Protein chains: 2
Amino acid sequence: MKERPDVKASTKEKILDAAEKLFGMNGFEATSLRDITAAAEVNLAAVNYHFQSKEALMESVISRRIHPVNRRRLELLDSAGENPTVEQVIRAFLAPVFLEANLGGVPSLIGRVLADPGQFLKKLFPEEFAPLTRRFAEAFGRALPELTPREVAWRMHFMIGSMTHVLLWKRHIKEMSGGLVDASDREGLMAEAVAFCAAGFRAPVVVGIERS
Amino acid sequence: MKERPDVKASTKEKILDAAEKLFGMNGFEATSLRDITAAAEVNLAAVNYHFQSKEALMESVISRRIHPVNRRRLELLDSAGENPTVEQVIRAFLAPVFLEANLGGVPSLIGRVLADPGQFLKKLFPEEFAPLTRRFAEAFGRALPELTPREVAWRMHFMIGSMTHVLLWKRHIKEMSGGLVDASDREGLMAEAVAFCAAGFRAPVVVGIERS
DNA sequence: GTCTATAGGTTGATAGAC
DNA sequence: GTCTATCAACCTATAGAC
């Protein structure tokens with residue numbers, strides 16, 4: 001059932017895999033090193049041998065996965081040509097997390113990290129997300145010249161929020177909606193998310209305060 | 001600086017206020033009862049006298065705030081008449097969290113709770129959110145008859161995600177966007193969120209898998 | 001109702017044998 | 001590199017004096 005690419009994974013990899021799964025499921029604070037080493041079937045002290053601390057382990061877990069995702073996003077953005085449509089930009093951003101298969105337990109972990117503006121993102125944001133955000137903001141601005149940079153920024157936040165929420169609730173959405181919505185239907189989810197966000201980005205410029 | 005409505009708050013209220021602030025800032029697991037009692041300037045044992053446990057305290061903190069918010073949402077929805085527009089339904093859902101002033105440290109707490117499908121929501125969802133969701137889904141379906149219930153459910157998820165993300169990142173959005181975006185401009189945020197979500201809800205029905 | 005004192009358990013991290 | 005054994009610090013929760 002579980003994807004286990006190597007028959008014999010190294011201790012370090014076993015720890016990373018177990019930590020990824022448990023951090024994603026229960027969060028950082030609620031997961032003890034003993035939980036991790038038990039799941040990885042390695043010794044407790046191995047964590048402090050291969051990594052320095054629990055925090056350093058968390059950083060390793062994240063950066064192992066975040067970087068390929070963001071690189072893939074830029075790849076897809078580049079492959080859409082010089083003047084991509086809004087849909088193409090959104091697809092480039094969402095596809096690596098919604099469609100790509102080899103992500104393991106990362107989706108819920110990414111969602112959890114993005115949902116928790118704690119210490120980790122303070123470190124991770126400048127080096128990993130800031131350049132990505134700039135690049136995509138530029139692409140959105142080019143596709144929708146009538147939007148101000150401020151509005152592009154707002155709408156990117158809304159798009160990221162939509163994505164994050166789905167990642168976090170993936171396993172619960174189906175029962176919550178009474179079977180109506182199934183997040184494991186990746187293509188369906190992707191199509192719905194792109195439709196919603198593209199229409200949102202194309203919404204008329206907000207000029208003042210609306211009143212109901 | 002801080003809003004302190006009562007000159008002399010009861011010990012129980014002081015605990016609730018401090019817990020609300022700290023749980024919202026740092027999360028449940030990362031906040032100890034000692035942190036809370038220190039901030040509230042009460043004795044450690046008072047927590048276990050007024051509440052039974054840390055978890056029961058968390059539940060009290062949440063239910064004290066969630067219920068008025070959801071009741072206000074339904075009030076606003078009712079006051080929009082029998083056939084509200086999409087914008088009016090969205091406003092009814094978002095205004096209590098984005099616009100209303102007397103929420104204290106709750107926004108980040110609500111965001112955190114919604115972002116963490118943990119034990120609390122398993123208990124809170126059936127009695128507090130399920131009826132609300134049904135009511136709003138019905139209103140959206142009435143305003144947009146061409147959407148299937150499945151699509152209404154998806155788009156509500158995207159809307160809730162947009163809202164949650166803003167709540168969680170409220171304090172960080174400004175510096176992250178280089179001063180471009182200011183979440184403390186409530187009316188501006190509200191207008192942008194309503195515009196984005198309304199357009200998203202009005203997006204054409206997704207019939208199949210789009211291809212770039 | 002509020003305090004002190006402490007029980008009873010878990011945590012992250014490390015020392016040192018192999 | 002991997003193990004056992006353990007430390008010091010922290011936690012929640014409670015008992016019992018006032």
Side-chain angles (χ1 to χ4, degrees), chain A residues 4 6-64 109 112-113 116 118-124, chain B residues 4 6-64 109 112-113 116 118-120 122-123:
Chain A
R4 173 66 57 91
D6 302 328
V7 178
K8 191 169 176 57
S10 70
T11 296
K12 194 168 179 174
E13 282 167 341
K14 286 198 287 187
I15 293 173
L16 281 171
D17 291 340
E20 175 181 304
K21 190 175 127 196
L22 291 171
F23 283 153
M25 277 177 16
N26 308 323
F28 177 76
E29 310 281 354
T31 303
S32 71
L33 292 182
R34 282 167 178 81
D35 294 337
I36 294 170
T37 54
E41 293 174 322
V42 301
N43 190 272
L44 170 62
V47 173
N48 264 267
Y49 175 77
H50 289 286
F51 313 87
Q52 297 166 337
S53 66
K54 189 187 178 187
E55 265 202 31
L57 169 61
M58 175 64 154
E59 284 170 21
S60 293
V61 168
I62 296 173
S63 57
R64 178 174 72 144
L109 180 64
R112 191 172 280 278
V113 170
D116 189 347
Q119 52 225 332
F120 304 112
L121 219 62
K122 289 272 169 69
K123 204 172 192 173
L124 223 67
Chain B
R4 175 65 59 90
D6 303 327
V7 177
K8 192 169 175 60
S10 71
T11 295
K12 195 169 179 176
E13 283 168 340
K14 285 198 288 187
I15 293 172
L16 281 172
D17 291 341
E20 175 181 304
K21 189 175 127 195
L22 291 171
F23 283 153
M25 278 178 13
N26 309 323
F28 177 75
E29 310 282 355
T31 303
S32 71
L33 292 183
R34 284 170 175 78
D35 295 337
I36 293 169
T37 53
E41 293 175 320
V42 301
N43 191 271
L44 170 63
V47 173
N48 263 267
Y49 175 78
H50 290 286
F51 312 88
Q52 297 166 337
S53 66
K54 189 187 178 184
E55 266 202 30
L57 169 61
M58 176 64 153
E59 285 171 20
S60 293
V61 168
I62 296 172
S63 58
R64 180 174 69 146
L109 180 65
R112 192 172 278 278
V113 170
D116 188 346
Q119 51 224 332
F120 303 112
K122 288 271 169 68
K123 204 172 192 174

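All values reported here derive from a predicted model rather than from experimental measurement. So you know, we letter chains A, B, ... as the sequences are listed, proteins then strands, and number each from 1.
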Closest non-hydrogen atom pair between B/D17 and B/R64, with its separation: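 Answer, listing the atom of B/D17 first, then B/R64: OD1-NH2, 3.1 Å.
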Shortest non-hydrogen contact from A/L109 to A/V61?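 For A/L109 and A/V61, the tightest heavy-atom pair comes out as CD2-CG1, 3.4 Å.
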Rounded distance in Å - CG (B/L33) to C1' (D/dT14):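 From B/L33 CG to D/dT14 C1': 13 Å.
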Atom-pair distance (CZ on B/F28; P on D/dC11), nearest Å: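 Taking atom P of D/dC11 as the reference, CZ of B/F28 is at 13 Å.
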Between B/K12 and A/D35, which has a closest nucleotide on DNA chain C that is more 5'?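 Result: B/K12.
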Using the test side chain to side chain donor-acceptor pair (under 3.5 Å), find all partners of B/N48 that sit at least two apart in sequence or belong to another chain.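 Partners of B/N48 by the side chain to side chain donor-acceptor pair (under 3.5 Å) criterion come out as none, since no residue qualifies.
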Name each donor-acceptor pair under 3.5 Å that joins a side chain in residues 34-45 of chain A to protein atoms two or more places apart or in another chain, with its distance.
from	atom 1	to	atom 2	distance (Å)
A/D35	OD1	A/S32	OG	3.3
A/D35	OD2	A/S32	N	3.2
A/D35	OD2	A/S32	OG	3.2
A/T37	OG1	A/L33	O	3.1
A/T37	OG1	A/R34	O	3.3
A/N43	OD1	A/A45	N	2.8

Can you list, by residue number, the residues of residues 37-50 of chain A that have a non-hydrogen atom closer than 4.0 angstrom to DNA chain D?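 Residues of residues 37-50 of chain A under 4.0 Å from DNA chain D: A/N43, A/A45, A/Y49, A/H50.
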Is the Lys NZ or Arg CZ of B/K54 less than 6.0 Å from the centre of B/F23's six-membered ring, within 45° of the axis?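 Output no; distance or angle outside limits.
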Determine, for A/F51 and A/K12, whether the Lys NZ or Arg CZ falls below 6.0 Å from the six-membered ring centre while staying within 45 degrees of the axis.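 Positive - A/K12 is close enough to the ring of A/F51 and near enough to its axis.
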List the residues meeting side chain to side chain contact (heavy atoms under 4.5 Å, CB included) with B/S63, not counting sequence neighbours, and say none if there are none.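 Per chain and number, B/S63 pairs via side chain to side chain contact (heavy atoms under 4.5 Å, CB included) with no residue.
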side-chain contact (heavy atoms from CB on, under 4.5 Å) between B/E29 and A/F28: does it pass, once the steps are laid out? CA-CA 9 Å; B/E29 310 282 355; A/F28 177 76; over 6 Å; no
Considering only heavy atoms of chain A and a distance under 4.0 Å, specify the first and last nucleotide of DNA chain C in 5' to 3' order that meet this criterion.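 Footprint of chain A along DNA chain C, 5' to 3': C/dT11 to C/dT14.
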